[in-house]
Amino acid sequence: MPFHSKTTTRGYLWQEQLQVDNGLLNNGCFLDALGVVPHVFLLFSTFPILFIGWGSQSSKVHIHHSTWLHFPGHNFRWLLTIVLLFVLVCEIAEGIVSDGFNQSRHLHLYMPAGLGILAAITSIVYYHNIETSNFPKLLIALLIYWTLAFITKTIKFVKYDDHGIGLRELRFCITGLLALLYGLLLGVEVNVILRRRYMWFPCPTEVKPPDDLQDLGVRFLQPFVNLLSKSTYWWMNTFITSAHKRPIDLKTIGKLPISMRALTNFQRLRKAFDAQEKGPVPLKGSRWIWLALRQAFGRPLVLSITFRFIADLLGFVGPLCISGIVHHISSDNHSVKLLGVHFISSEAFLANAYVLAVLLFLALLLQRTFLQASYYVAIETGIKLRAAIQTKIYHKIMRLCTSNMSMGDMTTAQICSLVARDTNHLMWFFFLCPNLWAMPVQIVMGVLLLYSLLGVSALIGATVIVVLAPLQYFVATRLSRAQKSTLEHTGERLKKTNELLRGIKLLKLYAWEHIFRSSVEETRRQELRNLRTFALYTSLSIFMNAAVPIAAVLTIFAVHVHMHSATDFDLSPAVAFGSLSLFHILVTPLFLLSSVLHSTVKALIVNGYFTWTQGCPTLTNIDIKVPFGQLTMIVGQEGCGKSSLLLAALGEMHKISGNITWNSSDPGLIILTACVFRKRGSVAYASQRPWLLNATVEENILFDMVPNEKRYKEVIEVCQLQPDIDTLPQGDQTVIGERGIILSGGQRQRISVARALYQQTNVVFLDDPFSALDIHLSDHLMHEGILKLLRQEKRTVVLVTHKLQYLPHADWIIAMRDGTVQTQGTLKDIQCAEPELFEQWRTLMNRQDKENTTELKRKSFRRPMYSTDTLATEDEDEESSTSTDEDSLRAELRHRTTIPWSSFATYLRAAGLLLLPLLVLSQLSKHSLMVAIDFWLAHWTSPECCCAVLLSQDCEFSHSSYLQVFCGLCALGIVLCLVTSLAVEWTGLRVSRELHCSLLRTIVLAPMRLFETTPLGNILNRFSADTNTIDQHIPVTLECLSRSTLLCVSAVGVISYVTPLFLIALLPLAVACYFIQKYFRVASRDLQQLEDSTEMPLLSHYSQTIEGLTTIRAFRHEQRFKKKLLEHTDANNISSLFLMAANRWLEVRMEYIGAFVVLIAAVASISNALCSQLSAGLVGLGLTYALMVSNYLNWIVRNLADMEVQLGCVKRVSGLIHTQPENYDGLMTPAQVPAGWPKYGEIQIKNLSVRYDSSLKPVLRHINSHIRPGQKVGICGRTGSGKSSFSLALFRMLDTIEGQIVIDGIDIAKLPLQTLRSKFSIILQDPILFSGTIRFNLDPERKATDQMLWEALEIAQLMPVVKALPGGLDAMVTEGGENFSQGQRQLFCLARAFVRKSSILIMDEATASIDMATESILQKVVMTAFADRTVVTIAVSPCTSLNYTIQSYTAGVFSSGPRGPLSCRVLLQTASDFLVTLKTLISWFRCV
């Protein structure tokens, strides 16, 4: 290459002066040889230690990571070593390039540098082994090495300076840098000696490893490993590969380091908040929060931004190197050689194409490393922030007033959404925050470099991007709005779906499932309209991101062509492909701008959820006294404030005036108004609605108390739980599920009461504990539990109850009415003060005097929740599972390594025959056209084409033809970008519509057995998480996967076309990619599933806490539940951290492979161009596509892993869709059913045997009965005797084995199921209300008039309550009817049955949750309102059924027959047997 004459003269002068005659130090070869001495010393001194001593020891003894201890200056040493290696590589390259200008070879120009690289690598490996072994005395070898290397390089640098070699010569700069680096490393070594005192000091400093590493459970080692392992995630290798052998679980990933735990970060955040509050000017609002977040988590964010700046600056090296390489190939300078030894300048060094290829490779390695480091630090900080915010929200929940929940001010769903969604928005904002700072720098640098290449036309092209940026922002804003609107409708749909699933039994019994299905479908249609808008704007966003670079390149080249004449046309390949690469870089920050702003808006919204409003008080003029150590009963009608009084005493209501005094030393507990004195002790509290943990039966009863076997058995006996425990698979170690889903209502109630009885507290609050229990269980619990166990322990008991027959046992009675105290005192006091009230009580108490005179002892037998056949085969299954455990594991591992193509085929089939071909063809056409555009650009800018244009007589015409073709291709490419983006989104939209419609239809028509055996949470997840994934995530992942794959395939094809030799080097890279993706997909899928599975318990803990907030605070177990939250949060965060580290592990490796692809393509293209005159345009094309491989290679694997997980949603939804539905058709059509059927209500049961499922035994066998029209039939029997099964058989909810049921002369098996169920009415034990108006809850079919509705409410004793509500019949009912009491909800269910006025009414323990006075009134109402109709009443209490028996002289008793199946034992038909049977019935019921 041409050099300045001064440089050449210096080269010859230096060669002449470096003679032996002038001294050895003035000889160049001797100086280079002298520089080899330190390297040889280090290699010979450390190799024996490394490969003989430490190597043999490490092969025998595994050094545990707890011995990892970083010496002082650890990170600085690694940085200096990496820089040293880079400078040594430059020295080798400089020596090779310089040697190329000589006729003879001068090995001393680059061989010492090669030994220096080997010595530097040896030094860091040696240091790592010494450090992990914590044996610093062996560092003396490095101390000597750094000293010798510093001396030799300093001598060489001084001699260069003496001979006039200056900064213009590259070798002089490299020598100076090496001397500086060796000096700094020597300083680091001296610092280790001074800090650790391992040499020349009498007392060495003893240093212990960090506390985290001393804990064997900590396996997330990123904060503790060396810098190289941190940057490449080398420590993850064993973890990733082991996942291929055995699934990853929580035990595998271990515990979080202390600095990353939720408690640590919560304390940091709380400290920051406190500092803001104590500041000179206290701030409020969002600014106060953001300042606290900055103070707590700002420093690592600054580090992430710094890494991002460095990565973005290194990213511009790629386009510059491509431009330089193409320019070098286009020139003829590569063949020039000069004689002698030269000192080349930096400009000459960087003009070499091979040097640029190596620099491009190293720049890509560093750029990807810094980029991934920025991502890691940002996401780690975001995860820490999320944990701190979640913990702070939980602490806020612990202070939340329960009235907010009951009044609907804040729902459980809102809080869970706050925890699950909004905290994630904050986390992802922190992740994208570095982009917010780096984007301006990236844009400015990109525009400046484009201007240097293209001049003014570059500014015009950048203007196109800037002009289109507001449009992108507009699309992103609309996209955000559409997503927000979609989320609102999604929440409403899930709310309706949740109500449909929870009330599915009632809906099927009333034949209302299609009404609620239509309601869900209507909401789904609104959601789909928003999803359609969302898909449209997503398509526009994808289209603009793909089309903007094409439009900008088209504009800039067209302007460039018209601004330059043919004679000075300078659109060379170097300029064209360099600017093309710069445009790809410039578009990226503008694309991310919308995402960053979107995340910023979402993050700001989160601040609005840190406070909650207060509820309204319901008690007035409360002035009561509860005696200490005695039994106090609170009685009153429904809605009078009994439960509210307990909540007021516990401090769960807002104060208006007055106070509460808790004092165990005084003889009483004085309560004045709903306020709390917070220093009270623990109170054993059993709520009216039993609250249970998703834990074992034993854990629910113990409730974190010290196990006491004697007391535990005593409580189990008192609550009659042993028979129920015996039916469970693992006894009291059975996990009962969320809200005790596998238990009956009575079982849940008794476990809740058992928890209160087991506690050793002075005060016990029991809120209506008998509501879900039959008379036997109620009496046993009252006598053995309350009157015996609690009274013997002298505990203060406050009992809310409707069972007035227990009033004589009370020491103190409080009668409530309309939110105030009607009267209080002993029973005798009330008899004297309120004789009318006492007479009313005595009338109601006499109804069960006979039952109260005898202490009843019986065991509770319920129908087992699990089949006896299943229980019998459990041992066999366990043995067989043990024998096939290894085979199952192998099968599972094979399944985990395969892609679920069947689910992908299901997804594509749902897209239809029109969209699927359009999707495939548009993608292939688009990417083929993109390649054609770039090939045309390469042909246009090639030197041959330029020469043809210059020699042509009609230059403008020839030049314009190229531009016209280029414009046409670009325009067609833009159109195909739009078609492709629309095809992807519309395909996803159609699949979403089809799968949800099929899923909802299947669930509505599914038999009840599905809902009894499948947790409702699992079914709801198909409609929530899985549907959301299908709606919004799979289309985006599919688009990104197809785009990345086709881009990489196109890139490999183009590079192979340009340089066929690349295919040889591609094979090992492809093998490496295969194994990397193979291991990563398995680990990523496990970690994603683990993250999801650990998030569910976290959200469940929030919902459990909210639902049981009163119980938790009553027991004073706040700290225990806070600790549990920290465990759940840490488990979720460790999963997220490992998943994030696994993603970084993949991206680093795939991008390193991409860098190797660029290096191989560059070297092969340069060699091919120099040897066979390959077109410079094709070289630029190949390198541009090689950079694309580097950018998109990791996205293929990432999206493939994401698609695998997301296709699991399709698989689960598809599996549920294939559920066999109920047979809704009958032998008769609806038109063939007589009008007004059933007109009389006559029921004939002939030899009926039914079962719940074909795999189970019969629950009723050979039942025969005849119920005449208008009869009032009472059916009683002990729990599990088949009473409810008998009622369900009337609705064909069970499988009929044999026999038939004939109603008014028609066999119900012949009727359409919808017609049959629509003709009956039923009132279930558990009251179910739906969100909406009272009118909707009474008459969803909208057939009744207002007069009929008011009449039903009057019959149900609810007219005064409804009239007092704003809106009357149009007053709103909150979710689950939470704004009404338990009894009032049951009354609404009674009114609902009255509205239908069918000829047959079934009441299944309908009065279990209402007081006896209201029950008595309702029984009389039933007798009058349904005087001419058939009424079948099912009750565990003989008193309830006997009231109907007296009217109709008909009763039935169900019991377990001697053969096991359930049969009908007694059926009365005549009035003459009534008195005898009445006595027999009572005595039998006592003896059961």
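Predicted, not measured: the structure shown is a model, and the values here were computed from it. Numbers for residues simply follow the sequence, beginning at 1.
- At a threshold of 4.5 Å between non-hydrogen side-chain atoms, the residues F1380 and L1387 do not count as touching.
- In terms of modelled atom types and a separation under 3.5 Å, the side chain of Q1314 and the main chain of A511 share a donor-acceptor contact.
- The heavy-atom pair separating N694 from Q1104 by the smallest distance is N-OE1, 2.6 Å.
- A heavy-atom distance below 4.5 Å is found between the side chains of F1011 and I1003.
- Side-chain contact between V1004 and V520: absent, with no pair of heavy atoms (C-beta onward) separated by less than 4.5 Å.
- Side-chain atoms of Y394 and L1098, non-hydrogen and from C-beta on, never get closer than 4.5 Å to each other.
- Taking both residues in full, the closest heavy atoms of N1132 and E1095 are given as ND2-N, 3.5 Å, listed atom of the first, atom of the second, then distance.
- Listed here is the closest heavy atom pair of I1323 and A1393: CG1-CB, 3.5 Å.
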**Message:** Pair L1020, T497 - check side-chain contact (heavy atoms from CB on, under 4.5 Å), show working.
**Reply:** CA-CA 7 Å; L1020 188 61; T497 305; 4.2 Å; yes
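- Of the N and O atoms on the side chains of N530 and S485, at least one donor lies less than 3.5 Å from an acceptor on the other residue.
- Residues L531 and Q1032 are in side-chain contact: their nearest non-hydrogen atoms beyond the backbone lie under 4.5 Å apart.
- Considering all non-hydrogen atoms of both residues, R1292 and D1225 come closest at NH2-O, 4.2 Å.
- Atoms CD1 and CG, on I736 and L693 in that order, are 7.5 Å from each other to the nearest 0.5 Å.
- In this structure, Y1224 and H514 have perpendicular ring planes: the angle between them is above 60°, well past the 30° mark.
- A donor-acceptor pair under 3.5 Å is formed between the side chain of R1396 and the backbone N or O of F1320.
- For the atom pair I1217 CD1 and T1002 OG1, the distance stands at 5.5 Å (nearest 0.5 Å).
- Using modelled atom types, no side-chain atom of D1031 and backbone atom of S992 make a donor-acceptor pair closer than 3.5 Å.
- Using a distance-only test at 3.5 Å, with no hydrogens or angles considered, no donor-acceptor pair links the side chain of S541 to the main chain of Y537.
- Although no hydrogens or angles enter the test, the distance criterion places no donor-acceptor pair under 3.5 Å between the side chain of K508 and the main chain of R1317.
- Salt bridge absent: K495 and E499 never bring a charged side-chain N and a carboxylate O closer than 4.0 Å.
- Here the closest non-hydrogen pair linking S687 and S752 is N-OG, 4.2 Å.
- The closest donor-acceptor contact from the side chain of S1100 to the backbone of M1096 lies at 3.5 Å or more, if one exists at all.
- Across all non-hydrogen atoms, the minimal contact from S1321 to F1291 is O-CZ, 4.4 Å.
- With D1026 contributing its side chain and V1213 its backbone, the two residues share no donor-acceptor pair below 3.5 Å.
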**Message:** As a quick check of understanding, evaluate side-chain contact (heavy atoms from CB on, under 4.5 Å) for L1353 and F1394, giving each step before the final call.
**Reply:** CA-CA 9 Å; L1353 291 172; F1394 294 149; over 6 Å; no
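- Of the residues listed (H489, R493, K496), the one engaging T523 in a side-chain hydrogen bond (donor to acceptor under 3.5 Å, both in side chains) is K496, and it is the only one.
- Although no hydrogens or angles enter the test, the distance criterion places a donor-acceptor pair under 3.5 Å between the side chain of T1027 and the main chain of R1022.
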**Prompt:** So I1112 and M398, side-chain contact (heavy atoms from CB on, under 4.5 Å) or not? Walk me through it.
**Reply:** CA-CA 9 Å; I1112 294 170; M398 281 299 181; 4.1 Å; yes
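- Contact annotation: the side chain of F1023 never approaches that of T490 to less than 4.5 Å [non-hydrogen atoms, C-beta and beyond].
- In this structure, S1318 contributes its side chain and T1315 its backbone to a donor-acceptor pair below 3.5 Å.
- The backbone N or O of K1211 sits nowhere less than 3.5 Å from a side-chain atom of Y907 that would complete a donor-acceptor pair.
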**Item:** Full working for side-chain contact (heavy atoms from CB on, under 4.5 Å) between T1219 and L1216
**Value:** CA-CA 5 Å; T1219 302; L1216 205 55; 4.0 Å; yes
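- Residues I1034 and V991 form no side-chain contact, since every pair of their non-hydrogen atoms from C-beta on lies 4.5 Å or further apart.
- Remark: E527 engages R524 in a salt bridge, criterion side-chain N to carboxylate O under 4.0 Å.
- The side-chain heavy atoms of K1319 and S1398, taken from C-beta on, include no pair separated by under 4.5 Å.
- For the residue pair T1333 / D1370, no side-chain donor-acceptor distance below 3.5 Å is found, with atom types taken as modelled.
- Within the structure, ring pair (Phe, Tyr, Trp, His ring centres under 6.0 Å) pairs that include any residue of residues 1325-1358 comprise F516-F1330, F516-F1336 (at least two apart or interchain).
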